[in-house]
Amino acid sequence: MLRLTDLRLPLDHSEQALTDAIAARLGIAAADIAGHSIAKRSYDARKRGGIELIYSLDIDTPREAEVLARLGAAEPDGDAPVVGKPASRTPAGKSSAPASTGKVLPTPDTAYKFVGRAPASLPLRPIVIGMGPCGLFAALILAQMGFRPIVLERGKAVRERTVDTFGLWRKRVLNPESNVQFGEGGAGTFSDGKLYSQISDKLHHGRKVLTEFVQAGAPEEILYVSKPHIGTFRLVSMVENMRATIESLGGEIRFSQRVEDVLIENGQVRGVVTADGQQLRADHVVCALGHSARDTFKMLHERGVYMEAKPFSIGFRIEHPQSLIDAARFGPQAGHPILGAADYKLVHHCRNGRSVYSFCMCPGGTVVAAASEPGRVVTNGMSQYSRNERNANAAIVVGISPEDYKPYDDSGSPLAGIALQRHWEAQAFALGGGEYEAPGQRVGDFLAGRASTALGAVQPSYTPGVRLSDLSASLPDYAIAAIREALPAFDKQIKGFAMADAMLTGVETRTSSPLRITRGVDGHSLNTRGLFPAGEGAGYAGGILSAAVDGIKAAEAVAMSLLGGIDRAA
């Protein structure tokens, strides 16, 4: 197979136009193309009204060797030259390929390679704490290698958890152990289901994640679209299917099993203790907690596990009409089914030294209640696969650092960022009236420094509800000043972004973990052998895909430790 990159065609091209373009680029007849598949499809929306699709394709042709020799492409790991205009003389009946910045090279092997297989017998099974994307993939890979992991999840199975989550959204009843943050599937289950990341992935771990998701029921398009997403409802059934796979391979999953303690002897993990007093022996424990397991962070810190404070971000959710974002991004081609609902990614560097940026943008979605502790309000964003709700929403957040945590905890503890989170989440709860409503404000009022007293054209989507107020009391002064400066700057990039009726809802405090449970290159905790910190809670991921990839890496580290450090080629 040949991999052909950077093939550009108009948005509404025909299938025949794609075949003809492939033939032209390769300098062969269309009849010589036995078949093709899409490796990646993205779009270039910079030209208003002239959006182009950009393809990378895998081509099956009997003339593969000749094409490679003629176009001079290298092996996938080599330095493949840019393919430009071919020689002026081409075989009769063949099309001349247009100038291009793309490459033609052999299709790379992106299949996942396991680091080893479990021996026939193991004295102790590995334990995975947490069943968000990180824990789910750590358990899956361990199970596929034959290690029969035990998974301990403090929350409930995904469908029971969904009932509890709706209990907060619809009835204002919070279950601290079963909510948006805790339970099978993790926080990503109630999100937009984004499956893209900027992580380096030379070993194709991300491809493994996407492939497993497709096998579990995700649409096949996630394997090739540039910004794949799934949406909450599809994620629920996929998580259940992956659980069944783990169990069929000998893994064991235990719900409502919060880890109360870890057993450590001379710097080596020896097991865990659950909240019901059960003691499980293990020399290998994957710590895939998620970013909101504050009680478990505290316990690990008290047991001496090395961790350190790290930066994260705080801010609000902002809502606009999705039609406004579509028009700004896609112009007259807004609404095209291939393009779907438009997204955005914005950043502004402020005069006070802070950076403000959009985070977790959810096209055609809703703002959701994401608290995990009583008496606090936390917001997040969610979309279904269709992304067809009226509003677009995103977090607009300000970067903060451990220096900012001192007013809330000046002890120098790595847990100090949690104190800051709790302070502003409790403030949002109070501003919202104390019944899990969130404080909200129209953008025009926020920029003018006055409290909102009435809604405008944008109806907030957050449930249990929004109480209009003055959001200047819901975040530190430096964050308020930075967001006030950033919104008009964003309006210059997306016309209407600072529209008076756009809606701000507070507060967003769980962008990432406020600490890092630091690990070495071998995956073990720096000072606790056998403990493998991984995913968002450990400070090594941000989002479903990167967390899942980190879960794979944790599983590989466990396997390497159990198998005595064999290398990938063994």
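- Panel note: side chain Glu319, backbone Ser461; a donor-acceptor pair is recorded below 3.5 Å.
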task = Could you give me the CA-CA distance, side-chain angles and deciding distance for Gln459 and Arg390, then say whether side-chain hydrogen bond (donor to acceptor under 3.5 Å, both in side chains) is met?
result = CA-CA 9 Å; Gln459 297 294 307; Arg390 181 187 305 172; over 6 Å; no

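- Applying the side-chain hydrogen bond (donor to acceptor under 3.5 Å, both in side chains) rule to Thr511 yields no partners; only residues at least two apart in sequence or on another chain are considered.
- A donor-acceptor pair is defined here as one N or O able to donate and one able to accept, closer than 3.5 Å; such a pair exists between the side chain of Asp326 and the backbone of Ala342.
- Taking the six-membered ring where the residue is Trp, Tyr112 and His205 present tilted rings, their angle falling between 30° and 60°.
- Side-chain N or O atoms of Arg172 include none that pairs as donor or acceptor with a backbone N or O of Tyr436 at under 3.5 Å.
- Under the rule for a side-chain hydrogen bond (donor to acceptor under 3.5 Å, both in side chains), the partners of Glu184 that lie at least two apart in sequence or sit in another chain are Arg243.
- Partners of His229 under the ring pair (Phe, Tyr, Trp, His ring centres under 6.0 Å) rule, at least two apart in sequence or in another chain, are Tyr385.
- Classified by interplanar angle (parallel below 30°, tilted 30° to 60°, perpendicular above 60°), the ring pair Tyr408/His423 is tilted.
- Side chain of Asn391 to main chain of Val458: no donor-acceptor pair is present (N/O by atom type, distance under 3.5 Å, no hydrogens or angles).
- In terms of the side-chain contact (heavy atoms from CB on, under 4.5 Å) criterion, Val163 has no residue partners (sequence neighbours excluded).
- Evaluated for a side-chain contact (heavy atoms from CB on, under 4.5 Å) with Glu508, the options Ile318, Val397, Leu475 yield exactly one hit, Val397.
- In this view, Pro337 satisfies the side-chain contact (heavy atoms from CB on, under 4.5 Å) rule with no residue, not counting sequence neighbours.
- Here Leu124 pairs with Arg281, Asp283 under the side-chain contact (heavy atoms from CB on, under 4.5 Å) rule; sequence neighbours left out.
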